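These numbers were taken from a predicted model, which means no experiment stands behind them. Counting starts at 1 for both ligands and their atoms, following the listed order. In what follows, every heavy atom counts, from backbone to side chain, and hydrogens, waters and symmetry copies are set aside. This chain uses plain numbering: 1 for the first residue, then up along the sequence.
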Amino acid sequence: MIPADHPRYTSLIAREKISRFAGEGIVTLEGLAAHGRGEAFDYLLGEKTIKSAFLAEETAAAMLLAARSPVISVNGNTAALCADLIHELQEASGAAVEVNLFHRTEERVEKISTLLRDNGVVVLSGKAERLLPLSHDRALCLKNGMFAADVILVPLEDGDRCSALVSMGKKVIAIDLNPLSRTARTATLTVVDEVTRAIPNISRFCRSLDRERTETLIRSCDNTIFLKDAIDEISGRLTHALD
Ligand code: ATP
């Protein structure tokens, strides 16, 4: 039992969740390592949503709302940390949800789909085909899902798949605490924020944006500015850490 007044309560709850889902085969051991990298960057960012990330989250909402065929790609870590929040975002944005895994087995796809459905998410189903320009099973996706999508939200993606999707002409929104990752630098838009903070913010913006603001946000989106701001935040915090 983690006491609610523990200074690292949120982080410990996330660890507890992610290790429990690792025990159920939803999160992989590699996923645990990826979570640790995320935690380290969150520490450096002050474990809060920085100002530019709020703007990135508003821009992400605008891109999802303006899309012809938006898809949210969900992996094991995302499902473990925020299945309920994905449901809320699907309702707010109208996006389809597809399970897409780096370490893919049909059993894991099924377990993650069940967890999402238990939380109210409508999950795309069908036979995945090798449609992305990547080797091995990472190329697998649904023809009527990610393959047909114009905008894809990829929380916690790896750099290769993000770059493959961009090379196919898709707009990719990444959620990644590491502003230096290949994903962060390749995506059309990167939200440098923790996924359980980012997704509810994007949902809220989906419910409140009007058409004019949506168009302005999309027109003025510059990913480099978002990444530079996150790096400045980290370096500022490091420079003044012991003041
Ligand atoms: P790339 O291939 O893009 O350079 P990578 O090899 O670090 O990145 P992965 O190992 O797939 O990619 O790691 C996933 C990314 O997700 C990491 O950059 C990590 O910072 C980030 N991450 C992990 N947990 C969270 C979280 N809870 N919220 C947001 N980002 C997270």
Side-chain angles (χ1 to χ4, degrees), residues 8-22 26-50 52-54 56-57 60 72-86 88-89 99-104 108 112 115 132-140 152-167 170 172-203 223-224 226-227 229-231 233-234 237:
R8 310 215 47 74
Y9 179 78
T10 311
S11 159
L12 292 176
I13 288 287
R15 280 189 188 181
E16 191 274 326
K17 251 187 177 177
I18 208 132
S19 55
R20 179 160 44 88
F21 282 113
I26 282 177
V27 171
T28 59
L29 293 179
E30 291 83 353
L32 292 180
H35 182 76
R37 175 139 58 206
E39 277 191 337
F41 277 98
D42 205 20
Y43 210 108
L44 295 173
L45 283 160
E47 293 174 307
K48 61 176 190 330
T49 303
I50 61 173
S52 60
F54 270 118
E57 284 153 1
I72 304 165
S73 170
V74 176
N75 68 3
N77 284 34
T78 306
L81 290 172
C82 47
D84 51 338
L85 305 176
I86 295 288
E88 206 188 306
L89 179 59
V99 174
N100 206 284
L101 307 179
F102 190 102
H103 301 282
R104 188 187 181 99
R108 273 193 80 220
I112 292 166
L115 172 62
L132 306 184
L134 286 168
S135 58
H136 308 297
D137 286 354
R138 297 166 59 218
L140 291 169
I152 305 181
L153 174 68
V154 286
L156 328 184
E157 187 53 276
D158 79 285
D160 288 354
R161 189 148 50 194
C162 179
S163 143
L165 293 170
V166 169
S167 78
K170 299 180 189 305
V172 178
I173 306 163
I175 299 175
D176 192 334
L177 280 159
N178 177 4
L180 303 168
S181 76
R182 290 174 307 150
T183 301
R185 285 181 287 128
T186 314
T188 316
L189 167 67
T190 304
V191 173
V192 184
D193 198 4
E194 206 281 323
V195 71
T196 64
R197 294 196 300 266
I199 289 188
N201 286 341
I202 299 172
S203 299
N223 199 38
T224 311
F226 291 126
L227 297 184
D229 191 76
I231 292 165
E233 178 77 25
I234 290 173
R237 290 180 66 83

Please could you name the atoms of ligand 1 that [X] approaches to less than 4.0 Å, counting only its heavy atoms?
{"X": "Gly38", "value": "19 (C), 20 (O), 22 (N), 23 (C), 24 (N)"}
{"X": "Gly159", "value": "1 (P), 2 (O), 3 (O)"}
{"X": "Asn178", "value": "18 (O), 20 (O)"}
{"X": "Leu81", "value": "27 (N)"}
{"X": "Arg37", "value": "5 (P), 6 (O), 7 (O), 10 (O), 20 (O)"}
{"X": "Leu156", "value": "22 (N), 25 (C), 26 (C), 28 (N), 29 (C), 30 (N), 31 (C)"}

Review point. Could you walk me through whether Glu57 and Arg197 pass the salt bridge (charged side-chain N to carboxylate O under 4.0 Å, His left out) check?
Key: CA-CA 10 Å; Glu57 284 153 1; Arg197 294 196 300 266; over 6 Å; no

Review point. Taking atom types as modelled, is there a side-chain donor on Arg161 or Asn100 under 3.5 Å from an acceptor on the other?
Key: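 Yes.
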
Point to revise | Exercise: do Asp176 and Ser181 side chains pair donor with acceptor under 3.5 Å | key: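 Yes, side-chain donor-acceptor contact under 3.5 Å.
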
Shortest protein heavy-atom distance from [atom], along with the residue and atom involved:
{"atom": "atom 3 (O) of ligand 1", "value": "Thr183 OG1, 2.5 Å"}
{"atom": "atom 28 (N) of ligand 1", "value": "Val195 N, 3.0 Å"}
{"atom": "atom 2 (O) of ligand 1", "value": "Arg182 NH2, 2.7 Å"}
{"atom": "atom 12 (O) of ligand 1", "value": "Glu157 O, 4.1 Å"}
{"atom": "atom 27 (N) of ligand 1", "value": "Glu194 OE2, 2.7 Å"}
{"atom": "atom 8 (O) of ligand 1", "value": "Ser181 CB, 3.8 Å"}
{"atom": "atom 13 (O) of ligand 1", "value": "Ala34 CB, 3.8 Å"}

Check your understanding: Would you call Lys48 and Asp42 a salt bridge, taking side-chain N to carboxylate O under 4.0 Å as the test?
Key ->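 Between Asp42 and Lys48 there is no salt bridge, as every charged N stays at least 4.0 Å from the carboxylate O atoms.
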
Review point. Could you walk me through whether Asn201 and Asp193 pass the side-chain contact (heavy atoms from CB on, under 4.5 Å) check?
Key: CA-CA 10 Å; Asn201 286 341; Asp193 198 4; 4.3 Å; yes

Check your understanding: Given Phe226, which of Asp229, Asn223, Thr224 fulfils the side-chain contact (heavy atoms from CB on, under 4.5 Å) condition?
Key ->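 One option only clears the test, and that one is Asn223.
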
Looking only at non-hydrogen atoms, find the nearest pair between [X] and [Y] and report the distance.
{"X": "Asp160", "Y": "Arg182", "value": "OD1-NH1, 2.7 Å"}
{"X": "Asn77", "Y": "Gly31", "value": "ND2-O, 2.9 Å"}
{"X": "Cys162", "Y": "Glu157", "value": "N-CG, 4.0 Å"}
{"X": "Cys82", "Y": "Thr196", "value": "CB-CG2, 4.2 Å"}

Exercise for review: Determine, considering heavy atoms only, which of Asp176, Asp42, Val191 sits nearest to atom 19 (C) of ligand 1.
Suggested key: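 Result: the heavy atom closest to atom 19 (C) of ligand 1 is in Asp176.
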
Review point. Is it true that Asn77 lies under 4.0 Å from ligand 1, counting heavy atoms only?
Key: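 Judged by the 4.0 Å heavy-atom criterion, Asn77 does not count as contacting ligand 1.
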
Practice item. Would you check the N or O atoms of Leu177, main chain and side chain alike, for any that come under 3.5 Å of an N or O of ligand 1? Key: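 Indeed, backbone or side chain, Leu177 has an N or O that close.
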
Review point. Can an N or O of Asp160 be found at a distance shorter than 3.5 Å from an N or O of ligand 1?
Key: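 For ligand 1, there is no N or O atom that lies under 3.5 Å from one belonging to Asp160.
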
Review point. Passes salt bridge (charged side-chain N to carboxylate O under 4.0 Å, His left out), Arg8 versus Glu39? Steps please.
Key: CA-CA 11 Å; Arg8 310 215 47 74; Glu39 277 191 337; over 6 Å; no

